[in-house]
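Every chain is numbered from 1 and lettered A, B, ... according to where its sequence line falls, protein lines coming before strand lines.
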Amino acid sequence: MKTVKLALVDDDETFVFLTTKAIEQTNLVDLIKVFRNGLQMLDFLKQNMSKPELLPEIILLDLSMPVMDGWQFLEEYIKIKPKTGKTITIYICSSSISPDDVTRAKAISAVSDYIIKPITKEKLVEIIKTL
Amino acid sequence: MKTDEIIKAEEQLIQYKHFFYNSNDLTCIANVQGYFEIVNPNWEKVLGYSEKELHESQFLNFIHPDDIASTLQEIEKLKTGAVTINFVNRYRKKDGSYLWFDWNSTSDPLIGTLYAIARDITERKNTEEQIKKLNVELEQKVIERTSALEAQNIQLADFCNIVSHNLRAPLVNIAMLVDYIEISEDEVERNELIGKIKPVVTHLNEVFSELVESVQVRQDVEIKSDKIIMKDCLNDVLKGFETQITLFEAKLEINFDDAAIIFFPQKYMDSIFTNLVSNALKYKSPDRKPIIKIKTEKRNDTVVLSVADNGLGIDLKLHKHKLFKIRKVFHEHPEANGFGLFMTKTQVDAMGGKIWVESDVDKGSTFYVEFKNQDK
């Protein structure tokens, strides 16, 4: 079985703590990396563009973050996507239940789905299994 | 001896005269030299001049100065045999007021005679003018109402976002923590989880208070403006920052010469100064000592307060649209909490003022607050 690396892009410490726990409990993920905002994630992707073995299979992306929010990250990601040597599945994972956010997210082709927080262990398993 | 034909013609003439004299309109025969030859009695009745007065003066003298050129042009056309239909000009009454006349005329170019019928359309004109004026007013009202509704819509959308995100996020965290505590069988882990609840509750409390305060500001339409001596107000606020100012060796340049007094609610002004000064200090550059320039400038009936720093600056390309929103932070700063500017904007908005920013990354930011109706 191939290894699964997951990136959690979120500035909410409590959420990151609990979600990391839930991900660990699935026993399906080999590496969890946490980024505090969109820019940190973007920089990591840019630096490792030519090393697919370091890039995550899944990104769980929060929307509201300092410095660079989820939307701004997606805008930048779309620009570097063709040069990225790997298919990365991006899920937005936000506490926002605003229909505006959901519609906007669904319109972005790089986004696989919009998950409203909290994200359950079952949902995580489903995401990883559909890879 | 009159021939039958002449008799018949005279009879016809008498018949036509009835139409000329009894018309409800103002009928006249005039010459191209500019004088009335015959007018029907309606002229006297409508304009108030005697028949003698009407004959003595050139008819151009009765016409509104602004309409003389167009009237002369129309007469030139008539002289060539053209017909005038619905030509409109203004005639002066004896009392000095003007009436709108709508003309239908023909001429006999050979003998230089004009045959003209004027209809008094003043009432119609006035109604039209009134409708036009009402339409303009109505349009203005629609524009005003629309922009007020748009502003309210934005506020409502903001509020919806705050509730769906800023309030929901900590709630989700608490719910998740409680779930984990329930299933956890390890005492150490349970205690760790319990310890994580308190900061989330504190955070939730802060967001909630901020939200309640902002709603109160919006609803407090009755709040009175105080006469604020800017220098004193700022000095009071600065007392709270003394430690930081000394520690950072910050330099303050204050100039309220242009507008020393502002009319605004005291507690809002305190909060504006506190937030802007606190931001200027908090987001200082690590490479230079802070210089903060605070001044007022009079612009017509408004006063613009500016607070300029030489700090980190804000990337407005990235952050402009959310700068004044609740709980938005733009720097990875431990004390950035995203409360200040949202509250400041709410207070300024509530008083009909404006707030905006100019900024260059790593050069500094200048915040401007415009206070309205300061010409007291």
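Taking a cutoff of 4.0 Å between a charged side-chain nitrogen and a carboxylate oxygen, B:D309 and B:K363 do not qualify as a salt bridge. Checked for salt-bridge contact, A:K86 and A:E57 meet the test: a charged N lies under 4.0 Å from a carboxylate O. A salt bridge links A:K117 with A:D62: the distance from a Lys NZ or Arg NE/NH1/NH2 to an Asp or Glu carboxylate oxygen falls below 4.0 Å. Salt bridge annotation for B:E192-B:R190: absent, with no cationic side-chain nitrogen under 4.0 angstrom from a carboxylate oxygen.
Contacts from residues 15-26 of chain A to chain B, taken as heavy-atom pairs separated by less than 4.5 Å, involve A:F15, A:F17, A:L18, A:T19, A:K21, A:A22, A:Q25 in sequence order. Contact residues of residues 97-104 of chain A toward chain B are A:I97, A:S98, A:D101 (heavy-atom distance under 4.5 Å).
Applying the side-chain contact (heavy atoms from CB on, under 4.5 Å) rule to B:Q216 yields the partners B:V212; only residues at least two apart in sequence or on another chain are considered.
Ring orientation note: the planes of B:F371 and B:F264 are nearly perpendicular, at an angle over 60° on the 30°/60° scale.
Between the side chain of B:N173 and the main chain of A:T14, no donor-acceptor pair closer than 3.5 Å is present.
For B:L167, no part sits under 4.5 Å from any heavy atom of chain A, backbone or side chain.
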Pair A:L61-A:M41, side chain to side chain contact (heavy atoms under 4.5 Å, CB included): steps then yes or no:
CA-CA 10 Å; A:L61 178 71; A:M41 181 77 251; 5.8 Å; no
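In this structure, B:K284 is positioned above the aromatic face of B:F248, its NZ or CZ under 6.0 Å from the six-membered ring centre and within 45° of the axis.
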Pairs of donor and acceptor atoms involving the side chains of residues 119-131 of chain A, under 3.5 Å and at least two apart or interchain, shall be tabulated with distances.
| from | atom 1 | to | atom 2 | distance (Å) |
| --- | --- | --- | --- | --- |
| A:T120 | OG1 | A:K123 | N | 3.1 |
| A:T130 | OG1 | A:E126 | O | 3.0 |
| A:T130 | OG1 | A:I127 | O | 2.9 |

